[in-house]
Amino acid sequence: MLGTILYERNVKNRKSMKYVNNLILLSAFTFLFCSCGIGDWDTTLYCQKIEGTSKILYKYDAWGGRDSHAFGYILLDSTEKFEVDISENLPFSYLENIPSKKNIQGVDCEEPDYENIDIKVKEIFIPLKIINETENGIEMSTKIYQYEGFSKRRFGLGRFEFENFKETRDSIIFYNLNDVKSMEPQHLDFLKLKKKNIVIRQNKNLEIISIDIEDIILSKSTNEIISCKTYFLTPKKKMKSNLFTDYGVFKERI
């Protein structure tokens with residue numbers, strides 16, 4: 001594919017450009033915090049089990065001393081303790097599919113050229129490169145997109161209250177949704193979304209606060225990014241997070 005470079009690496013510390021930029025920003029704090037446990041950070045942690053394995057995919061967002069900020073995804077065995085360590089970050093910002101015991105497919109985009117941010121460039125919608133590597137015995141493939149092309153196809157924000165849902169192996173269908181924010185609110189009889197970037201935020205009673213979803217759609221034939229839409233869904237009445245499975249869904253650790 002034109003403009004696509006295939007990298008084959010099985011080196012654990014291979015990271016995307018986003019990781020490199022984060023490393024530069026956080027280098028002053030790495031010595032202090034890299035080996036510290038979760039207790040040394042103000043951390044929001046989400047967990048997704050991987051079917052057929054003892055592996056857990058963690059999504060985290062953490063703030064440390066002097067306003068240091070770390071975030072990303074880390075893959076660990078369920079017997080291992082989670083610690084904030086950006087050197088362990090996986091090289092993607094979004095999942096393309098549900099993680100499996102054989103492979104994890106991710107999506108990311110390059111950082112913008114801030115020095116030339118106002119210069120018009122040709123938008124590219126297919127991956128600039130694909131990063132292949134192995135992490136904890138699981139093969140990983142991450143498609144890296146141009147910032148301008150990714151941003152162009154990133155549009156749409158939906159905020160809805162839903163009445164109930166149905167979960168299948170690869171999707172969640174929400175029913176009787178009411179728009180709660182738009183100037184011209186709409187009603188949806190149902191909304192079907194693929195499991196991949198679904199995050200359930202909850203309180204200490206395991207009651208759902210919000211379900212945050214990044215719905216990324218790629219062309220199966222060309223890998224062109226078609227769209228990326230964000231949804232914030234809340235139940236119309238109290239609903240426990242354990243009504244959802246632990247597979248294909250991130251749940252907040254309380």
Side-chain angles (χ1 to χ4, degrees), residues 44-51 56-61 71-73 92-100 104-109 125 143 145 149-221 223-254:
T44 303
L45 187 63
Y46 305 93
C47 310
Q48 179 174 157
K49 294 182 179 179
I50 299 180
E51 188 175 17
I56 296 178
L57 182 61
Y58 292 96
K59 175 181 170 68
Y60 76 95
D61 190 50
F71 57 91
Y73 296 83
F92 54 79
S93 296
Y94 309 94
L95 289 170
E96 182 182 349
N97 295 301
I98 300 174
S100 74
I104 296 176
Q105 295 176 304
V107 174
D108 207 343
C109 68
F125 302 108
K143 297 178 177 68
Y145 289 84
F150 189 88
S151 298
K152 183 73 173 182
R153 296 288 169 86
R154 182 176 176 83
F155 56 86
L157 173 64
R159 297 180 183 271
F160 295 91
E161 290 181 335
F162 67 94
E163 185 170 352
N164 49 47
F165 72 95
K166 177 182 177 181
E167 185 175 353
T168 67
R169 187 170 182 82
D170 66 351
S171 303
I172 300 179
I173 308 169
F174 298 93
Y175 295 99
N176 192 14
L177 301 97
N178 293 326
D179 192 324
V180 294
K181 289 292 183 180
S182 299
M183 295 295 292
E184 299 181 3
Q186 59 178 317
H187 173 83
L188 301 178
D189 291 331
F190 69 92
L191 177 65
K192 183 176 181 179
L193 298 169
K194 291 287 187 180
K195 290 182 182 178
K196 40 192 170 184
N197 302 293
I198 297 179
V199 176
I200 296 179
R201 298 192 297 113
Q202 59 188 342
N203 61 26
K204 63 181 179 180
N205 296 319
L206 303 184
E207 295 171 344
I208 296 173
I209 298 172
S210 176
I211 302 177
D212 304 343
I213 302 167
E214 295 284 353
D215 185 36
I216 293 179
I217 300 176
L218 305 180
S219 167
K220 292 183 179 180
S221 59
N223 288 323
E224 178 181 346
I225 181 164
I226 305 302
S227 67
C228 179
K229 186 172 182 178
T230 303
Y231 294 93
F232 297 106
L233 307 181
T234 54
K236 293 182 179 180
K237 57 185 177 181
K238 288 184 179 180
M239 183 178 293
K240 292 291 188 72
S241 64
N242 59 11
L243 294 174
F244 293 83
T245 68
D246 294 323
Y247 301 98
V249 175
F250 288 100
K251 292 181 180 179
E252 185 174 2
R253 176 185 282 184
I254 303 300

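As a basis for the values below, the full set of heavy atoms in this structure was taken, side chains included, without hydrogen atoms, waters or symmetry mates.
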Quick one: list whatever passes salt bridge (Lys or Arg N to Asp or Glu O under 4.0 Å) with [X], sequence neighbours left out.
| X | value |
| --- | --- |
| Glu161 | none |
| Asp212 | Arg201 |
| Glu163 | none |

Approximate separation, where rounding is to 0.5 Å, of [X] [atom1] and [Y] [atom2]:
| X | Y | atom1 | atom2 | result |
| --- | --- | --- | --- | --- |
| Leu233 | Leu191 | CG | CG | 6.5 Å |
| Ile208 | Asn203 | CD1 | CG | 10.0 Å |
| Ile226 | Ile217 | CD1 | CD1 | 8.0 Å |
| Ile209 | Ile200 | CD1 | CD1 | 11.5 Å |
| Tyr145 | Asn223 | OH | CG | 5.0 Å |
| Gln48 | Leu95 | CD | CG | 6.5 Å |

For side-chain contact (heavy atoms from CB on, under 4.5 Å), just list the numbers for Lys195 and Asp170, CA-CA rounded to whole Å, side-chain angles, deciding distance to a tenth of an Å, and then say yes or no.
CA-CA 5 Å; Lys195 290 182 182 178; Asp170 66 351; 5.6 Å; no
Ignoring hydrogens, what is the shortest heavy-atom contact between [X] and [Y]? Give both atom names and the distance.
| X | Y | result |
| --- | --- | --- |
| Ile56 | Cys47 | CG2-CB, 4.0 Å |
| Gly248 | Ile198 | O-CB, 4.4 Å |
| Lys204 | Ile254 | CA-CG2, 3.5 Å |
| Lys143 | Glu96 | NZ-OE1, 2.8 Å |
| Ile225 | Gly149 | CG2-O, 4.4 Å |

Going by the rule side-chain hydrogen bond (donor to acceptor under 3.5 Å, both in side chains), which residues pair with [X] if we only count those two or more places apart in sequence or in a different chain?
| X | result |
| --- | --- |
| Asn97 | Gln105 |
| Lys49 | none |
| Tyr60 | Asn89 |
| Tyr58 | Arg253 |

In short, ring-ring contact (aromatic ring centres under 6.0 Å, His included) pairs touching residues 163-192 with sequence neighbours left out are Phe162-Phe174, Phe165-Phe244
Donor-acceptor contacts under 3.5 Å from residues 234-242 side chains, at least two apart:
{"residue": "Lys236", "atom": "NZ", "partner": "Asn176", "partner atom": "O", "Å": "3.1"}
{"residue": "Ser241", "atom": "OG", "partner": "Gln202", "partner atom": "OE1", "Å": "2.4"}

With sequence neighbours left out, what residues match Phe150 under ring pair (Phe, Tyr, Trp, His ring centres under 6.0 Å)?
Tyr94
Just do the side-chain contact (heavy atoms from CB on, under 4.5 Å) check on Tyr247 and Arg169 with the steps written out, would you?
CA-CA 9 Å; Tyr247 301 98; Arg169 187 170 182 82; over 6 Å; no
Between Asp215 and Lys194 (salt bridge meaning N to carboxylate O under 4.0 Å), is one present in this structure?
no
Are Lys251 and Asp246 close enough that some pair of their side-chain heavy atoms sits under 4.5 Å apart?
yes
Looking at side-chain heavy atoms only, is the closest gap between Val249 and Ile172 below 4.5 Å?
yes
Quick one: side-chain hydrogen bond (donor to acceptor under 3.5 Å, both in side chains) pairs with a partner in residues 224-233, sequence neighbours left out?
Arg153-Glu224, Glu214-Thr230
Run the side-chain contact (heavy atoms from CB on, under 4.5 Å) check on Phe71 and Asp61 step by step: do they pass?
CA-CA 4 Å; Phe71 57 91; Asp61 190 50; 3.5 Å; yes
Partner residues of Lys59 under the side chain to side chain contact (heavy atoms under 4.5 Å, CB included) criterion, sequence neighbours left out
Tyr46, Tyr73, Val199, Phe250
